[in-house]
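All remarks here apply to the structure that follows.
If you're wondering where the values come from, they're calculated on a predicted model, not measured in any experiment. Letters A, B, ... are given to chains in the order of the sequence lines, protein chains preceding strands, and every chain is numbered from 1.
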Amino acid sequence: MVRVRFAPSPTGYLHIGGLRTALYNYLYAKQNNGKLILRIEDTDRTRLVGGAVENLISTLEWSGIEFDEGPHKIGELGPYTQSERLSIYHQHTLELIKNGNAYPCFYPQERLDMIKQKHIPSDIVAEYDRRFRDLNITESIDRMANENHVVRLKVPSKGAISIYDDIRGKIEFDLSLIQDQIIIKSDGYPTYHLASVIDDHLMQISHVIRGEEWIASLPKHALLYQCFDWELPNFAHLPLLLNQDKSKLSKRQGDVAVEDYINKGFLKEALINYVSLLGWHGSDNKEIYSMAELIDCFSINRIKSSGAIFDVKKLLWFNQQYIKTCDDLSLKILIDKLLTQKWEISSSMINLLKDSVENLKDFEKELEPFFVFSPIKIDIDNKLFSQEIYSFLMALSDCFTEMTVMTVDDFKLTINNIKSEYNVLGNIWKPMRIAITGKEHGPDISQFITILGPKECSERLKQFLHFNGQ
RNA sequence: GGCCCGUUCGUCUAGUGGUUAGGACUCAGGGUUUUCAUCUCUGCAACAGGAGUUCGAUUCUCCUACGGGCUACCA
C-alpha cells in the first residue's frame, strides 16, 4: 500500500516548491491507488502564523490536489497536526532515553546565552553538549521532572551510515561528523527530525517524497529509525526550485506564494502543468499534460537530480495555452472573480479576447473598450482620416441607428454597401477602430462592433465625429 | 571551513559507447491577418574543464572547477 504525505509547516502561505512537492506526492499516490496524507508540522511555536493552516488547505484545494487524510479529513491515524501529538512524542522519547539512545541535557539558560554570544566554535560546543551523555539513566529521568532540559539523540561517535535515495542512489554519511541532535526542545515540543520520523512511521508512510534540503538530515532520521527498530520508508529527495541566480527559490526574488499566482490570473491547470515539468519529464516531447495524464505518466525514476530555475515566461506561455482552450463560460466565472470593475461581461467578449491574453488579469484591460469610451482627437493632417472617411463614418452611424441587432455578416454587408455608395477607396478599418474603440489596437473589429451592438456603436461614432468637428 | 548534492542551448528538458545532440520557452527574421494578438515557417543557441577506460566518449571512472543545500532548542 502506497501511503505518502505532504507535511508543510504553517508559516503563512503555500510555497510554489511546496506545491510541486505536494503534486508529486499526489501523483504518486493516485497512480498507485495509494493514499495522500496532509500533516501540519507546527512544532515551532515561535513561527506560528494565524490562519496559515486554513490558507494552506484552501490553496491546495484550489490546485486540485486532493488529500485522503489530514486535519480537514477523517482518518484513522491522526491527529494530523503535530502540536496535537505531543504525548506520542514524549512517550517515544522516554523509550529512547530508557534504551540509552537519547539523553536529557540540562544546562541553564545563562550557559546557552553565553555560548550564543561568544561565538564559540561549534565543535567545542558539541564537546560541551556531551557532558550529560553518559549520565545515569534513572538519575536523568528523575532530574527531567524538575529541571529545564532538552533531549538529544545519542549519535554514535564512529561509523558510517548509508541510505538509498530513489532519485540519487546511495548516499553515505560519516556519523562522527554528526552532532547529538536535539529531538525535544526546552519548551517540550519535538524538533522536525523526531516528529517527522515518528509520524511517518505511525502514519505508515511508505515513501517520503520531499525537498533536497532534507538530505543533510537523512542520517539523523535513519538513525532514529534504527533506534526505534523501525523499517525505513523509501526516500526520494526532489531537486530544488531555484531563483534566476540559482539560489533556492525565495521570496526576495519574486513571487513564491501560490496565491500570488492565483491573484495574477494563472489557471490551476497551467501552474500544475508547468510545475510538474520542473524536475520531471516524460520520455517524449510532450509538454501539455492534464492532471489525469500526469497521474498516468508520472514516475519517480524520471525525476531529475539537478535544480530547476523557475521561469515565469514559460509559465505565462502555459497559461496562455490553457486560456485559449478553456471554455468561455468557465473563463467568465474566473474573470468575474478577478475583475475590479463592475462590468457585465459576456461569453462572446471572452471568446473574442481569449487568444490575446497571457493571464486572466489581462482580460480587464482588454475588456475595457467595451465599457469605457472617450473619443480621440484626430490631427488635421492625419492621412488616415480623409473627408471621405468622415463621410463614411457618418453614413455608418446612420445605418447603425436603424438597426437593433446585427451579425458579423450584417455588418460586413452594411459597410460594403456604404463603401460602394460613397465610393470610398481608402482603408476604412483602422479609422473605424479608432473612432469606435478609441484605441489603435485591439481584437477583430467586426466582431467587436457586433458584440457592442449597433446602438452603442452609432452613439460612439456620433461622439467621435462631433468631437472632431464633423 | 566541514559534510552532502548537482553540472546538455539564456531557461525547462530529451537522448545515446558511434545521432546533422531532439523538443519547448525566450529572442531575431519571414508568412497569414483590416491593427495588435493568435497561427505558421525559418533562424540563433548546449554536452563545465582535464585525465583515464575504449577502436570510439556528451554518455562509464577519477580529479579539478563552478553552482547549490545543510551545518538552529527553523522546518
Under 4.0 Å: is that the gap between some side-chain N or O of Lys220(A) and OP1 or OP2 of A72(B)? no

What interatomic distance, in whole Å, is found between P of A48(B) and the corresponding atom of U11(B)? 12 Å

Give Asp444(A) one of three labels, base, sugar-phosphate or nothing, depending on what nucleic acid heavy atoms sit under 4.0 Å from its own. base

Could you check which of C5(B), G23(B), C74(B) has an atom nearest any side-chain atom of Arg168(A)? C5(B)

If I take atom CG in residue Asn285(A) and atom P in nucleotide A21(B), what distance separates them, rounded to the nearest angstrom? 16 Å

Sugar-phosphate only, base, or nothing, as touched by Ile215(A) at under 4.0 Å among non-hydrogen atoms: sugar-phosphate

Assign Gly211(A) to base, sugar-phosphate, or nothing according to its heavy-atom contacts below 4.0 angstrom with the strands shown. nothing

Winner on side-chain proximity to Phe173(A), out of G15(B), C4(B), C74(B), is C4(B)

Taking the minimum atom-to-atom distance to the side chain of Leu240(A), which one of C12(B), G69(B), U34(B) wins? G69(B)

Atom CD of Glu212(A) and atom P of U7(B) are separated, to the nearest Å, by 10 Å

Just checking, is any N or O donor in the side chain of Thr414(A) or Asn417(A) under 3.5 Å from an acceptor N or O on the other one? no

So what's U53(B) paired with, Watson-Crick or G-U wobble, going by both distances under 3.5 Å? none

Establish whether the base of C74(B) is bridged to the side chain of Arg47(A) by a donor-acceptor pair shorter than 3.5 Å. yes

Taking any heavy-atom pair under 4.0 Å as a contact, classify Glu287(A): base, sugar-phosphate, or nothing. base

Using the six-membered ring wherever Trp is involved, compare the ring planes of His193(A) and His221(A) and label them parallel, tilted or perpendicular (cut-offs 30° and 60°). tilted

Winner on side-chain proximity to Ala216(A), out of A75(B), C70(B), C12(B), is C70(B)

How far apart are the closest heavy atoms of Ile300(A) and Ile209(A), and which atoms are they? CD1-CD1, 3.9 Å

Which of C4(B), A75(B), A37(B) is nearest the side chain of Glu213(A)? It is A75(B)

Looking only at the side chain of Arg433(A) (C-beta and beyond, no hydrogens), which of the listed nucleotides C39(B), U35(B), U34(B) gets closest? U35(B)

Name the nucleic acid region contacted by Lys324(A), choosing base, sugar-phosphate or nothing; use a 4.0 angstrom heavy-atom cut-off, strictly under. sugar-phosphate

Quick one: do the Asn319(A) and Asn359(A) side chains pair a donor with an acceptor below 3.5 Å? no

Quantified in whole Å, what is the C1' atom distance between nucleotide U61(B) and nucleotide G68(B)? 24 Å

Nearest to the side chain of Trp317(A), heavy atoms from C-beta on, is which of A75(B), C25(B), U38(B)? C25(B)

How far does the P atom of C5(B) sit from the matching atom of G10(B), given to the nearest Å? 27 Å

Would you classify Gln244(A) as touching base, sugar-phosphate or nothing, given that sugar-phosphate means primed atoms plus P, OP1 and OP2, and contacts are heavy atoms under 4.0 Å? nothing

Any idea which of U8(B), U35(B), G69(B) is nearest the Lys304(A) side chain? U8(B)

Sugar-phosphate only, base, or nothing, as touched by Thr11(A) at under 4.0 Å among non-hydrogen atoms: nothing

OP1 or OP2 of C74(B) under 4.0 Å from side-chain N/O of Lys185(A): yes

Just how far, in rounded Å, is C1' of U40(B) from CD of Gln321(A)? 14 Å

Nearest-nucleotide pick for Lys314(A), side chain only, options being G69(B), C74(B), C12(B): C12(B)

Considering only the C1' atoms, how many Å lie between U8(B) and U58(B), rounded to the nearest integer? 7 Å

For Asp355(A) and Thr43(A), find the nucleotide of RNA chain B closest to each by heavy atoms; which residue's nucleotide sits nearer the 5' end? Asp355(A)

Looking only at side-chain atoms of His441(A), point me to the closest of U13(B), U35(B), U7(B). U35(B)

Have a look at Asn427(A) and say if it touches a base, only the backbone sugar-phosphate, or nothing, with a 4.0 Å heavy-atom cut-off. nothing

Heavy atoms only, 4.0 Å cut-off, all strands: where does Pro239(A) land among base, sugar-phosphate and nothing? nothing

Provide the Watson-Crick or G-U wobble partner of G69(B), both distances under 3.5 Å; none if there is no partner. C3(B)

Does a nitrogen or oxygen in the side chain of Ser306(A) sit under 4.0 Å from OP1 or OP2 of C5(B)? no

May I ask you to evaluate whether Arg210(A) reaches the phosphate of G69(B), defined as a side-chain N or O under 4.0 Å from OP1 or OP2? no

Under 30°, 30 to 60°, or over 60°: which ring-plane class applies to Phe235(A) and Tyr225(A), parallel, tilted or perpendicular? perpendicular

What's the gap between C63(B) and G22(B) when it is taken at their P atoms, as a whole Å value? 32 Å

Expressed in angstrom and rounded to an integer, what is the separation of Phe363(A) atom CZ from C36(B) atom P? 20 Å

Which part of the nucleic acid does Thr46(A) contact within heavy-atom distance under 4.0 Å: base, sugar-phosphate only, or nothing? nothing

Ser83(A) and Asp42(A): side-chain donor and acceptor closer than 3.5 Å? yes

May I ask you to evaluate whether Lys430(A) reaches the phosphate of C36(B), defined as a side-chain N or O under 4.0 Å from OP1 or OP2? no

What is the distance, rounded to the nearest whole Å, between atom CG of Leu242(A) and atom C1' of G67(B)? 9 Å

Strictly by ring-ring contact (aromatic ring centres under 6.0 Å, His included), give each pair with a member in residues 427-452 of chain A just once, sequence neighbours left out. Phe370(A)-Phe448(A)

Heavy atoms of Phe173(A) and Ile215(A) approach each other most closely as CZ-O, 3.5 Å

